Amino acid sequence: MNIFRLAGDLSHLAAIIILLIKIWKTRSCAGISGRSQVLFAIVFITRYLDLFTNFISAYNTAMKVFFLGSSIGTVYLMYLKFKATYDHNHDTFRIEFLLLPTALLSLVLNHEFSVMEILWTFSIYLESVAILPQLFMVSKTGEAESITSHYLFALGSYRGLYILNWIYRYYFEGFYDIIAIVAGCVQTILYCDFFYLYITKVLKGKKLQLPA
Amino acid sequence: CHCSSEKDEL
C-alpha cells in the first residue's frame with residue numbers, strides 16, 4: 001500500500017458515497033445512467049469473487065464488501081425505489097456493445113485460462129468502459145448537475161491515481177500487471193474531456209454545460 | 001505470476 005493507492009481507493013469510495021448521498025437526499029436519480037451503474041455492479045461482482053477464496057487483509061475485504069453492497073444498492077435505488085425519477089429516455093447507450101467485446105477480449109487476452117482469472121480480466125476490461133453510458137447521457141442532455149460532476153471527477157481521479165500507484169509499484173516493488181495498467185490508462189483517458197470541462201467550468205462555480 | 005491469488009488491489 002502506497003499513498004497513491006490509498007488516495008485512489010479513497011477517491012473511489014468518495015465517488016460512490018457522493019452518488020448515494022445525491023440519490024438519497026434529493027430522492028432522485030435524475031441525470032444518472034442506470035446502465036453505467038448496472039455495469040459497475042457487474043464489474044464488482046465478477047472481480048470480487050475472490051472474497052470467498054482468498055483473504056488479503058481486513059481493509060481489502062471491507063472495501064470489497066462496501067463496493068459490492070453500494071453498487072448493488074445503487075442499482076436497487078435506481079430501478080426500484082426511485083424508479084419514477086430515472087431518466088431512461090436519455091439513457092440509451094447499448095451496453096451489449098461494451099459487454100460482448102470485453103467478454104470476448106477477456107477470453108483471448110488473460111494471464112491464465114481459468115474461470116476466476118477470466119472473470120477478473122473481464123471485470124477490468126468492463127470497468128475501463130463502464131462509464132461510457134454515463135458520459136453519453138451527459139453529452140446527450142448537454143449538461144450535468146454539479147453533484148453529478150463531482151461524482152464523475154472523483155470516479156475518474158481514482159483510476160488516474162492508480163496509474164501513479166502502478167508506476168510506484170513498478171519502480172519500488174518490481175510489480176506490474178499489464179492488463180490492469182493498459183485498461184486503467186484507457187479508463188482514465190475516457191475522462192480527459194470531462195476533466196477539462198470540470199476544471200474550466202465546475203470549479204469556477206458554473207454548471208457543467210456542453211457547448212451547443 | 002499475476003494470478004488471482006496474488007491480487008491485492010481493488
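Because only heavy atoms are used, hydrogens play no part in the values below, and waters and symmetry mates are left out as well, while side chains stay in. Order of the sequence lines fixes the chain letters, A, B, ..., with proteins taken first and strands second; residue numbering starts at 1 for each chain. Predicted, not measured: the structure shown is a model, and the values here were computed from it.
Contact annotation for A:F44: neither backbone nor side-chain heavy atoms come within less than 4.5 Å of a heavy atom of chain B. Residue A:N165 touches chain B through its side chain alone, counting heavy-atom pairs closer than 4.5 Å. With a 4.5 Å cut-off on non-hydrogen atoms, A:Y158 touches chain B through its side chain but not through its backbone.
Ring geometry for A:F67 against A:Y48 counts as parallel: the plane angle stays under 30°, on a 0 to 90° scale with 60° as the upper cut. Ring-plane geometry between A:F195 and A:Y191 is classed as parallel, the angle between the planes falling under 30 degrees on a 0 to 90 degree scale with a further cut at 60.
A:F93 does not carry A:R35 over the face of its six-membered ring by the limits of under 6.0 Å from the centre and within 45° of the normal.
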- request: Could you check B:E9 against A:N60 for side chain to side chain donor-acceptor pair (under 3.5 Å), going step by step and ending with a plain yes or no?
  value: CA-CA 8 Å; B:E9 290 180 348; A:N60 191 280; over 6 Å; no

